[in-house]
Every structure is written in C-alpha cells, then in structure tokens.
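See structure below.
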Protein chains: 2
Amino acid sequence: MASLKDIADEVGVSVSLVSKVINDKLGTTGARKELIEAIKAKAEELGYKRNFNSIALLAKRQGAISVFLHRIGSKGATITEDTLEGMAESAHKHNLRMMLNFVTEYDDYIQRLQDLHTGMVDGVVLSGVYHIEAVPELLKLQKEGLKLVSTFSNPIHEKIPNVGLIEENTTYLSTKHLIEQGCESIATFDTMPQRTNGYRRALEEAGRPVNERLIFGMPHGQEGFYGSTARGALIGALESGVEIDGICAQSDTQAVYAINELLSRGVSIPGDVKITGIDNSPFCETCSVPLTSIDQKFAQRGRLAVDMLEKLMEGEPVESLKLAPELVVRKSSI
Amino acid sequence: MASLKDIADEVGVSVSLVSKVINDKLGTTGARKELIEAIKAKAEELGYKRNFNSIALLAKRQGAISVFLHRIGSKGATITEDTLEGMAESAHKHNLRMMLNFVTEYDDYIQRLQDLHTGMVDGVVLSGVYHIEAVPELLKLQKEGLKLVSTFSNPIHEKIPNVGLIEENTTYLSTKHLIEQGCESIATFDTMPQRTNGYRRALEEAGRPVNERLIFGMPHGQEGFYGSTARGALIGALESGVEIDGICAQSDTQAVYAINELLSRGVSIPGDVKITGIDNSPFCETCSVPLTSIDQKFAQRGRLAVDMLEKLMEGEPVESLKLAPELVVRKSSI
DNA sequence: TTGTAAGCGTTATCAA
DNA sequence: TTGATAACGCTTACAA
C-alpha cells in the first residue's frame with residue numbers, strides 16, 4: 001500500500017508537501033503548478049489511499065462504532081436484518097467501521113458494554129430489545145465521552161437520543177384503512193398497549209363504538225406476537241359467536257395464523273373478513289392471501305441512527321425523532 | 001482514555017516497561033514484583049485499554065474486515081441474522097472491526113468490491129447469494145494481498161477457501177428419518193439438485209424404489225423455495241391421485257404451505273402425512289404443527305469463516321471445509 | 001514556495 | 001532488571 005512517503009520519495013519532495021497537495025490544504029500560499037501535478041499524478045499511479053488508522057490515531061478518534069443488538073421481532077420478520085442493512089449503509093457513507101455485538105442476556109449486555117471503553121470505538125448504537133437496567137452503565141459511558149444513540153420505538157432515557165417510531169400510528173393506519181374498506185366489526189389482538197390505543201383512536205375518530213369483545217386479550221411481551229396464541233384467541237372469539245368482518249392484527253404472524261384459521265373454516269378473505277398485519281414481513285407477499293401490513297421503517301431508522309451518531313461524534317447537537325409507519329396495501333384487505 | 005504513557009508517568013517507570021508488563025512479554029528475565037504489581041494496579045485504576053489504531057498502524061494492518069452479504073433465504077428464515085451473529089462473535093474474539101456490505105445487485109457488488117482496493121480492510125468474507133461473475137475481480141483483489149474467505153454451500157473457486165455445508169445430507173437426513181418413522185411414499189419438491197440427490201440416496205440405501213411421480217418439479221432458484229409454488233405442486237399431485245404419506249420439503253416455507261394445504265383438506269399431520277423442512281426457521285416452533293427441520297449451522301459457519309480469515313491474515317494456511325447439517329425433530333414427523 | 005520536526009500510542013530491538 | 005530509541009503513516013505549526 002503506497003504511503004505519502006513513497007510519493008514524496010519518487011517525486012523528490014517532502015512528505016508534508018505531498019500531504020498538503022493531496023488534501024488541498026495549501027492555504028493562500030500555494031505550490032508550483034508542475035509539482036502539484038507531479039504529486040497528483042504519482043499518487044494516482046501508485047494507487048495511493050489514506051491510512052485510516054494513522055488518521056484516527058492523530059485525530060484521537062477510532063473511526064469505528066459499535067452496534068448493540070438484542071435480536072427481536074415476531075419470528076420470521078426481518079427487523080434485525082433491515083436495521084443492520086440501514087446502519088451498514090450509513091456507516092459505509094461515513095467511512096465508519098462497525099463492531100457488531102449481538103447480545104442475548106443482561107449479563108452479556110453489561111459485560112460487552114464494559115469492553116467498550118476500550119478506546120476501540122467512538123460511539124454506540126443500541127438496538128433491538130432494550131435493557132432498562134443498563135441505563136446507569138450507559139450514562140457512565142456517555143460521561144466518559146462515548147457517544148450514544150438508540151433505535152427503540154420509544155426513547156430509553158432523555159439523555160440518549162433515539163430514532164423511534166410513532167407506534168400508535170401502526171394500528172391507527174390499518175384500522176382506519178379497514179374502516180374505509182367498509183368493515184363494521186374490527187377486532188384486534190391486544191398485545192401492545194400503544195398499538196391497541198391506535199386501534200381505539202381510529203375507531204373513535206370515525207365515530208364508531210369500541211366493542212371490548214373485539215379486543216382479544218393476549219400476553220404482553222414477545223409471546224403475545226406468536227401466531228399460535230393469536231389463533232387460540234380468535235377461535236375462542238368465533239366460538240363465542242362474535243361477529244367479525246375485519247382484523248387489525250398487531251403482528252404479521254398473528255395475521256397469517258388468523259388467515260389460515262379462517263380459510264380452514266371456509267371463510268373467504270378478503271371477501272368475508274379483511275385482515276392487516278404489522279411488520280411488512282417478507283412472507284406478506286407469499287402467504288395464502290397476500291397480507292396488507294405496516295412498514296416500520298427499520299432500514300431507514302438504522303440509517304438515521306448512524307447518521308445521528310456521526311453528527312454527535314462531530315460535536316454537533318442532535319435530537320430524538322420519531323418516524324411515521326407506512327401502510328402497505330395487499331390483497332387481504334381490499 | 002488512559003495511555004501507556006499515563007501509567008508510566010504515574011508509576012514512575014518507562015513506557016516500554018509498562019508495555020511489557022501489560023502484555024506479559026517480560027521474557028525470561030522478568031521485572032521486580034512490586035513494579036509489576038504497581039503497573040497492573042495503575043492500569044486497572046485508570047481503566048487502561050489498548051488503542052487498536054496504533055497497534056494496527058504498527059502491525060501494518062487495518063484490524064478490520066469486510067463482510068459481503070447478499071441477503072438470501074427462504075423468506076422468513078434467519079439465515080442472514082444467524083450468519084452475522086456467528087461472524088460478530090468471532091470478530092469480537094479477534095478484536096476485528098467489521099464493515100458490513102449488504103449488496104443486492106451485481107452492479108452494486110462490483111462497485112463495493114472496488115472500495116476494497118482502498119486498503120481499508122485486511123480481509124473479506126463473502127456470504128449469501130454468490131456472484132460467479134465477480135470471481136475475476138475477487139482474484140485480482142486477492143493478488144493485491146487481500147485475504148478472502150466465503151461461506152457458500154459450495155466453494156465458488158478453488159483459490160477462495162470456503163466454509164460450506166454438505167448439502168446432500170440435508171434431505172438425506174430427513175428422508176432417512178421419514179423412512180424410519182414408517183413412511184412408504186415420500187415426496188419432495190425438486191428445487192435444488194444436491195438436495196434431490198440426497199433424497200434419492202436415502203431411498204436407495206433403504207432399498208426403496210424411487211417413484212418419479214413423487215418428485216415434484218419446481219423452478220430451480222429462489223422462486224422454487226416459495227410456499228405458494230410448493231402448494232401448487234402439491235395440489236397438482238394430490239389431484240392426479242398420487243398416494244403420499246411423507247413429504248421431504250426442501251425449505252421450511254414449502255413445508256408450512258404443504259401442512260396448511262393438507263390440514264385444510266382434512267388430512268392429519270403427522271397422523272396421515274409426516275413432513276420435514278429445511279432451514280430450522282423460527283416459525284418451525286410456532287406454525288400449525290411444529291415442524292421437523294434441518295439446521296444448516298449458519299451461526300457456526302459464520303464463526304468459522306471469520307476464524308479462518310483471521311488465520312489467513314496471520315499468514316497461516318487454511319483449507320475449505322464442509323459442515324454436516326443436523327436434524328431437529330418436532331411434532332410434524334413423529 | 002517548500003521543508004523540518006513533533007506528536008498521536010504502541011511495540012520491538014538493543015543498550016545500559 | 002529497566003530504559004532509550006526507532007518505527008508505523010499522517011497532519012500541522014513553524015522555520016527556511
């Protein structure tokens with residue numbers, strides 16, 4: 001790998017002059033035209049590339065960030081992949097190297113956080129499942145100069161800037177859509193309070209009564225997103241004789257299981273019942289009836305989180321933000 | 001961030017002694033016990049961590065690798081995530097920083113490969129969908145000194161060491177399992193030649209005839225793994241009156257769609273028909289009938305690939321290897 | 001207009 | 001048993 005010294009030697013000038021020419025830092029004074037050209041030509045010829053380590057060393061920066069990722073998601077969704085893809089894109093743009101930390105347990109989490117002072121990274125993005133207990137440790141790291149950004153739905157702490165999502169709008173959008181499609185009795189699986197609120201708000205705004213029998217109780221937490229749990233709840237409701245012509249599921253898996261259960265009972269979708277999910281999983285395209293769903297913007301949020309971190313590292317101020325989810329309409333609801 | 005110099009100043013010794021003590025490189029000679037202890041205590045107290053950039057600078061290395069990842073997989077499987085998790089673990093172990101490159105198209109791929117000429121990384125792991133057309137460019141990079149490792153099922157080129165999988169054994173294992181469970185007429189979706197071969201071999205070894213009507217034609221390539229395509233093939237076979245009491249699907253998605261189709265026709269699973277998939281996707285646990293599947297060892301392969309790359313970077317010789325897939329038995333087949 | 005020298009944090013070699 | 005020095009590649013203040 002050619003260095004500035006190689007160029008300097010070959011052209012017969014000093015290293016510092018080469019550095020200035022290459023970086024266009026000659027200031028007001030300038031240098032002889034033929035030298036500038038010779039230097040640039042030689043750099044090109046030798047395929048000169050800057051050495052990131054020496055620059056980082058000099059700048060007292062690491063040129064690297066760490067991504068903390070506790071894998072999350074309704075099974076089969078590509079939340080982690082999408083988030084990482086966005087982060088990778090932004091990191092590439094900013095010439096940042098990433099250390100990926102997949103963590104699964106709290107002990108792990110703290111252990112890995114400790115490793116961070118290493119002077120091996122300039123900043124950290126927190127993503128996936130969040131560990132509220134880790135906040136004190138995070139704030140300690142922040143005090144030591146490490147930059148922190150998170151990509152949870154909601155901020156974990158006011159001092160840690162977050163790239164979030166307007167959770168309530170996920171179900172708000174899909175319920176509104178189902179109402180517009182003519183549904184009269186829309187059910188939901190009550191898995192996440194913010195999402196159930198969105199469902200209620202859409203009904204209220206449309207002047208519809210909220211029928212509590214259509215809000216199926218589910219375990220709050222990961223398990224509540226499982227398809228089998230949702231199918232159980234749906235079967236219970238159907239057998240108790242509740243009328244349903246729309247389902248605003250709170251995950252795609254819930255929706256798919258509902259679709260399959262209904263189809264097996266001879267119910268037509270979207271003819272008799274219209275259904276929407278959340279996650280916009282890949283299988284929305286390929287399942288029995290292509291599923292209308294909600295895009296939670298994971299790739300974009302990953303990108304923005306790293307952009308935000310880069311800004312922090314540059315000393316610029318940043319502020320938490322929340323993206324709007326987006327409705328993706330497919331056959332299951334029209 | 002505390003440096004060796006900080007420790008040296010505080011303890012009142014030279015930087016080089018501190019370096020030797022910290023790195024346990026005193027050799028045969030040794031140093032005074034109390035000094036060793038004082039240095040170690042001070043390092044602890046100041047929270048000393050090595051600066052990776054200066055080490056890399058000295059070693060004429062980047063201390064970073066690049067991961068090229070073309071996302072792959074039957075939709076809903078966690079192939080990419082699992083692979084990345086394994087790679088991240090190994091990278092962490094070796095103190096390597098990763099640049100993640102998610103690529104989707106060939107042009108992208110080549111474009112990103114060009115970036116590698118920058119000497120930003122010491123090595124590259126290639127993963128996911130492979131681009132045979134990129135081989136010449138890869139070999140060029142290799143000639144420039146960049147270390148290359150891949151994690152495709154089969155090696156892409158003899159000069160590029162690979163952490164692969166004995167593909168044939170995926171279906172071999174599951175077909176053998178179905179035979180042992182008493183299945184007489186086992187079908188498969190002919191999506192990937194190596195997998196169909198494994199299916200044939202298992203039947204032949206058991207002295208069973210291969211019934212070509214039970215080998216359902218599928219498009220070769222990603223589309224062949226889709227569930228809807230598989231369901232179509234299955235329906236066609238059923239309606240032509242073929243007897244089936246076992247299905248060795250070539251992806252989990254195929255299997256799930258087959259299960260749902262059969263259930264909707266009143267067929268009992270695993271009572272009337274036993275089914276196996278491939279990928280060991282998360283939804284194997286949660287789908288209508290928990291699905292027996294094949295673990296393709298993606299996390300382990302990711303880990304091994306980075307281990308291999310580290311070895312190459314150390315100048316050690318490495319050789320391609322193939323891992324054995326593993327059968328994970330669940331209710332759908334017993 | 002160009003060059004010298006110091007310094008970023010570390011390690012290896014050689015000297016004391 | 002300990003320390004001085006050079007080197008990795010680069011930038012910048014200052015000197016020529």
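It should be emphasised that the depicted structure is a prediction, and the values quoted were computed from it without experimental measurement. Within every chain, numbering begins at 1; the chains are lettered A, B, ... in the order of the sequence lines, protein sequences first and strands thereafter.
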| message | Using whole Å, what does the distance between atom C1' of nucleotide D:dT12 and atom CG of A:L17 come to? | response | 14 Å
| task | Round to a whole Å and report the spacing from CG of B:D24 to P of C:dT11. | result | 12 Å
| field | Interatomic distance where CG belongs to A:N23 and P belongs to D:dG9 [whole Å] | value | 16 Å
| field | Nearest-Å distance for atom pair CG/C1', residues B:L26 and C:dT11 | value | 13 Å
| Heavy atoms of other groups near A:K5 NZ, more than 12 under 6.0 Å | no
| Under 4.0 angstrom, heavy atoms only, what part of the nucleic acid is A:S3 near: base, sugar-phosphate, or nothing? | sugar-phosphate
| If you look at every heavy atom in A:N162 and A:S153, which pair is closest and at what distance? | ND2-O, 3.9 Å
| With a cut-off of 6.0 Å (strictly less than), are more than 12 heavy atoms of other residues, nucleotides or ligands near CD of B:E44? | no
| query | Is the backbone of B:E81 close enough, under 3.5 Å, to the side chain of B:T78 for a donor and an acceptor to pair up by distance? | reply | no
| remark: B:E34 CD to D:dT2 P, in whole Å, measures 8 Å
| Pair A:R50-A:N23, side-chain contact (heavy atoms from CB on, under 4.5 Å): steps then yes or no | CA-CA 10 Å; A:R50 308 160 81 215; A:N23 297 299; 4.0 Å; yes
| task | May I ask you to list the residues of residues 50-60 of chain A, by number, that have any heavy atom positioned under 4.0 Å from an atom of DNA chain C? | result | A:L57, A:L58, A:K60
| query | Parallel, tilted or perpendicular: which fits the ring planes of B:F68 and B:Y109, with parallel below 30° and perpendicular above 60°? | reply | perpendicular
| said: Check this for me: B:Y130, atom OH, are more than 12 non-hydrogen atoms of other residues, nucleotides or ligands nearer than 6.0 Å? | reply: no
| task | Pull out every residue in residues 6-16 of chain A that has a heavy atom closer than 4.0 Å to any atom of DNA chain D, ordered by number, or say none. | result | A:V15, A:S16
| Under 3.5 Å, side chain of B:N53 to main-chain N/O of A:L57, donor-acceptor pair present? | no
| Length of the line joining A:K20:NZ and D:dG9:P, which is rounded to integer Å | 20 Å
| How many Å lie between CG on A:L4 and P on C:dG3, as a whole number? | 14 Å
| task | Give a yes or no on this: more than 12 heavy atoms of other residues, nucleotides or ligands lie within 6.0 Å of atom NZ of B:K311. | result | no
| field | Short side-chain N/O contact to C:dA12 OP1/OP2 from B:K25, under 4.0 Å | value | yes
| Can you tell me how far P of C:dT11 sits from CZ of B:R61, to the nearest Å? | 14 Å
